Protein chains: 2
Amino acid sequence: MPVFLPKEPTRSQLSLTAILYALSDEVRLGIVRQLAAEGEQPCGVFEVDRPKSSLSHHFRVLRESGVVSTRKEGKNLLNTLRRKDLDARFPGLLKAILR
Amino acid sequence: MPVFLPKEPTRSQLSLTAILYALSDEVRLGIVRQLAAEGEQPCGVFEVDRPKSSLSHHFRVLRESGVVSTRKEGKNLLNTLRRKDLDARFPGLLKAILR
DNA sequence: AGATTAATTCGAAGAAAATCGAACTATCGT
DNA sequence: ACGATAGTTCGATTTTCTTCGAATTAATCT
């Protein structure tokens, strides 16, 4: 069984509807807002009233839609907002959503 | 039985996540793009590969989220993009999504 | 090696959404 | 009044999401 497969879309694979869908959930939008404000962060720091497996699900949706990128750093996974890619493909979108 | 109840949110009731959700569907986004390009239009002019009842469902989602406003004009219902309200509450959002 | 921590995957259950046909309402034209 | 047109509502089915506990992987620490 595979352990961890990123499966993040490339910049040119980004889909607007998939991104809008990912951001249409309060929990996920909250995560994205926090990433925008604080920068790279491990999954564990997000204070969400949900068990880990649920949080993990939401991170997956964010990754698969290309909103967030995740890299491994020792024991944890560090998440970042894919600002550059998002701005390149959909200028102004992130700014409008995060304001 | 009620015949037709708009139930459109006021400007201040607009919810970002509800709007993003409404626009996260290809069919609905297509409708919105066309409304943006052509202005007010009846439901019937949209060439969508779906039966009327499905189209009607998508219009309802657009109305209930506040993306579209519908008024009755004789035999048909005319739909418009709620540009002013959307721009007021979420500046730049529509522009970024429609470009 | 064993324990701890970080986060994922799996699987099942429940909730929410999409889809479509059929029936309905309202308006218009003849 | 009848028929056609525009679009909705209803109800059932299917599909897709969310949620969560339990098991799992991987890294770190003692």
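Sequence lines set the chain letters: A, B, ... in the order given, protein chains first and strands last, and positions in each chain run from 1. Every value quoted in this text rests on a predicted model; they were computed, and no experiment measured them.
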B/S/- along nucleotides 11-20 of chain D (protein heavy atoms under 4.0 Å) is ------SSBB

For residues 77-92 of chain B, the salt bridge (charged side-chain N to carboxylate O under 4.0 Å, His left out) pairs (sequence neighbours left out) are B:Arg11-B:Asp85, B:Arg82-B:Asp85

So the salt bridge (charged side-chain N to carboxylate O under 4.0 Å, His left out) pairs with at least one residue in residues 27-53 of chain A (sequence neighbours excluded) are A:Glu40-A:Arg71

Is [Y] reachable from [X] through a run of I, L, V, M, F, W or Y residues, each pair having side-chain heavy atoms under 4.5 Å apart?
X	Y	value
B:Val61	B:Phe59	no
B:Leu81	B:Leu77	no
A:Val68	A:Leu78	no

Can you check the [X] [atom1] to [N] [atom2] distance for me, whole Å?
X	N	atom1	atom2	answer
B:Arg71	D:dA6	CZ	P	17 Å
A:Leu55	D:dG21	CG	P	13 Å
A:Glu8	C:dT8	CD	C1'	15 Å
B:Leu62	D:dG7	CG	C1'	15 Å
A:Lys7	C:dT9	NZ	C1'	12 Å

Show the atom names and distances, to 0.1 Å, of all donor-acceptor pairs under 3.5 Å that link a side chain in residues 90-99 of chain A to residues at least two apart or in another chain.
none

Which atom pairs link the protein and nucleotides 4-7 of chain C when you take only N or O atoms and keep those under 3.5 Å?
{"from": "C:dA7", "atom 1": "OP1", "to": "A:Cys43", "atom 2": "N", "distance (Å)": "2.9"}
{"from": "C:dA7", "atom 1": "OP1", "to": "A:Gly44", "atom 2": "N", "distance (Å)": "3.4"}
{"from": "C:dA7", "atom 1": "OP2", "to": "A:Gly44", "atom 2": "N", "distance (Å)": "2.7"}

* What pair of heavy atoms forms the shortest contact from A:Leu35 to A:Phe46, and how long is it? ->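 That closest heavy-atom pairing would be CD2-CZ, 3.6 Å.
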
Under a side-chain separation threshold of 4.5 Å, the hydrophobic residues clustered together with A:Tyr21 are B:Tyr21

